[in-house]
**Student:** 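The structure is given below, and queries will be raised subsequently.
As the structure lists them, so they are numbered: ligands from 1, and atoms in each ligand from 1.
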Amino acid sequence: MEARSMLDPMHLARGAIFDLDGVIVDTARYHYLAWRRLACELGFAFTLADNERLKGVSRVRSLEILLAIGGVAADEVQRSEWLKRKNEWYLAHIATMTEAEILPGARGYLRQLRQRGRKIALGSASKNAPLILDRLGIAGLFDAVVDGNKVAQAKPDPEVFLRAADELGLPPSDCVVFEDAMAGIVAAHRAGMKVVGIGEAGALGDAEWIVPGLHAFVTPEMSASML
Ligand code: BG6
Ligand code: MG
């Protein structure tokens, strides 16, 4: 485990708040395929590097970034039509997802935290989050789910994490956030929470801990049935 502190991030905290995309499941490639299809129809290329800019960013803001890349101007009506179509393509991919696409260690770590008496929330920008949790069969592992439908301000605003802490009945300082995107790390810090950054150190700002994935927390004591 590559960590700035080797201490267990959940040693003292009573609440764990997880981002969804890129932390529990890798949906980024499905977002990419749907956005690339839209860009293609609009007559410009959209690369994987471009897609990195959309991680953790709301659907509406993602479209703004995409249109700026293509140099395309559009009114509100046209934008909503494109947002609707992109989401339909994205949902078609999600419909084929299976439990095998849960990222390594994610389910096991959630179960371990529950066993340790920790409260668990989802704090995601995605409006599709409840559907994805159901599809993956892990909705029951969360005490609270705060998604893009419940908040007015997208990350890096702290609203999603503050609401998650509130729904868990815990003060923000008692919660740790697990995030893979800079917007989410900034949001967590603004909420007064410590962050476990998931991914590579260079892309995770000043997260208090950095691990490549939740599999880093899987301990030998965890029984096979938990994984
Ligand atoms: C975030 C993703 O979790 O959710 C972003 O990282 C995505 O890429 C955002 O744009 C909104 O998702 P959705 O499912 O509401 O379009
Ligand atoms: Mg994410």
Side-chain angles (χ1 to χ4, degrees), residues 16-39 46-69 79-97 101-103 106 121-136 138-139 142 145-161 163-164 176-189 191 193 195-200 203-205 207 210-214:
I17 306 177
F18 290 86
D19 175 48
L20 177 67
D21 297 315
V23 172
I24 290 174
V25 65
D26 185 13
T27 45
R29 64 200 175 100
Y30 298 133
H31 281 296
Y32 171 60
L33 292 172
W35 286 126
R36 191 180 66 174
R37 182 168 172 183
L38 180 64
F46 180 72
T47 66
L48 270 172
D50 293 330
N51 197 56
E52 286 299 306
R53 294 175 57 193
L54 309 189
K55 286 190 177 171
V57 172
S58 73
R59 196 183 308 168
V60 169
R61 179 72 191 127
S62 295
L63 178 67
E64 285 170 8
I65 295 171
L66 181 118
L67 294 180
I69 289 169
R79 280 170 192 248
S80 346
E81 172 58 23
W82 287 336
L83 285 171
K84 188 164 157 276
R85 281 166 67 195
K86 182 270 169 179
N87 198 49
E88 282 165 4
W89 295 327
Y90 176 66
L91 288 178
H93 289 296
I94 295 302
T96 69
M97 257 171 59
E101 290 176 64
I102 298 176
L103 286 168
L122 191 84
S124 168
S126 173
K127 295 187 171 180
N128 296 305
L131 182 87
I132 294 170
L133 294 184
D134 276 344
R135 176 95 209 148
L136 298 175
I138 54 172
F142 292 86
V145 172
V146 180
D147 62 23
N149 300 295
K150 284 191 176 176
V151 293
Q153 301 298 325
K155 301 171 188 176
D157 188 280
E159 185 183 0
V160 66
F161 295 135
R163 170 123 188 208
V176 170
V177 170
F178 295 76
E179 252 294 349
D180 71 317
M182 266 313 296
I185 291 168
V186 173
H189 282 157
M193 301 172 185
V195 186
V196 177
I198 307 284
E200 289 177 16
L204 297 169
I210 293 180
V211 293
L214 295 178

**Student:** What's the shortest distance from atom 2 (C) of ligand 1 to any protein heavy atom, and which residue and atom give it?
**Tutor:** Asp21 OD2, 3.4 Å
**Student:** Drop me the distance from Ile24's CD1 to Leu122's CG, to the nearest 0.5 angstrom.
**Tutor:**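 Atom-to-atom, Ile24:CD1 and Leu122:CG are 5.5 Å apart.
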**Student:** What atoms of ligand 1 come within less than 4.0 Å of a heavy atom belonging to Ser62?
**Tutor:** 10 (O)
**Student:** Among all the protein's non-hydrogen atoms, which is closest to atom 10 (O) of ligand 1, and how far away is it?
**Tutor:** Val57 O, 2.7 Å
**Student:** Just to confirm my output: which protein heavy-atom neighbour is closest to atom 16 (O) of ligand 1, and how far is it?
**Tutor:** Arg59 NE, 2.8 Å
**Student:** Would one find an N or O of Asn128, backbone or side chain, under 3.5 Å from an N or O of ligand 1?
**Tutor:**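 N/O-N/O distance under 3.5 Å: yes.
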**Student:** What verdict does the side-chain contact (heavy atoms from CB on, under 4.5 Å) test give for Leu214 and Leu103, after you've listed the backbone C-alpha separation in whole Å, the side-chain angles of each residue and the deciding distance to 0.1 Å?
**Tutor:** CA-CA 8 Å; Leu214 295 178; Leu103 286 168; over 6 Å; no
**Student:** What residue and atom, counting heavy atoms only, is the protein's closest point to atom 8 (O) of ligand 1, and at what distance?
**Tutor:**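 The closest one turns out to be Leu54 O, 3.0 Å.
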**Student:** For Lys127 and Arg59, work out which heavy atoms get closest and say how close.
**Tutor:** CB-NH2, 3.4 Å
**Student:** As an exercise, state the distance from CD of Glu179 to CE of Met193, rounded to the nearest 0.5 Å.
**Tutor:** 11.5 Å
**Student:** Do me a favour and list the nearest non-hydrogen protein atom to atom 12 (O) of ligand 1 with residue, atom name and distance?
**Tutor:** Ser126 CA, 3.4 Å
**Student:** To the nearest 0.5 Å, what is the distance between CG on Asp180 and CG on Leu204?
**Tutor:**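 It comes to 8.0 Å.
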**Student:** Measure the acute angle between the ring planes of Phe18 and Phe142, then classify it against the limits of 30° and 60° as parallel, tilted or perpendicular.
**Tutor:** perpendicular
**Student:** For the metal site, I want the angle between atom OD2 of Asp19 and atom O of Asp21 with the Mg ion (ligand 2) at the apex, to 10°.
**Tutor:**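 Asp19 OD2 and Asp21 O form an angle of 90° at the Mg ion (ligand 2).
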**Student:** Please determine if the Mg ion (ligand 2) has an N/O/S atom from Asp180 lying under 2.8 Å away.
**Tutor:** yes
**Student:** Would you call Glu88 and Arg85 a salt bridge, taking side-chain N to carboxylate O under 4.0 Å as the test?
**Tutor:**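 No, this pair does not count.
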**Student:** Among all protein non-hydrogen atoms, which one is nearest to atom 15 (O) of ligand 1, and what is the separation to 0.1 Å?
**Tutor:** Lys127 N, 2.7 Å
**Student:** Write out the residue and atom name of the closest protein heavy atom to atom 6 (O) of ligand 1, then the distance separating them to 0.1 Å.
**Tutor:**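 The protein heavy atom lying closest is Gly56 N, 2.7 Å.
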**Student:** Quick check: closest heavy atoms across Glu101 and Val25, and the distance to 0.1 Å?
**Tutor:**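 Looks like O-CG2, 3.4 Å.
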**Student:** Using a 4.0 Å heavy-atom cut-off, which part of Lys55 comes near ligand 1: side chain, backbone, both, or neither?
**Tutor:**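 Only the backbone of Lys55 comes within reach of ligand 1.
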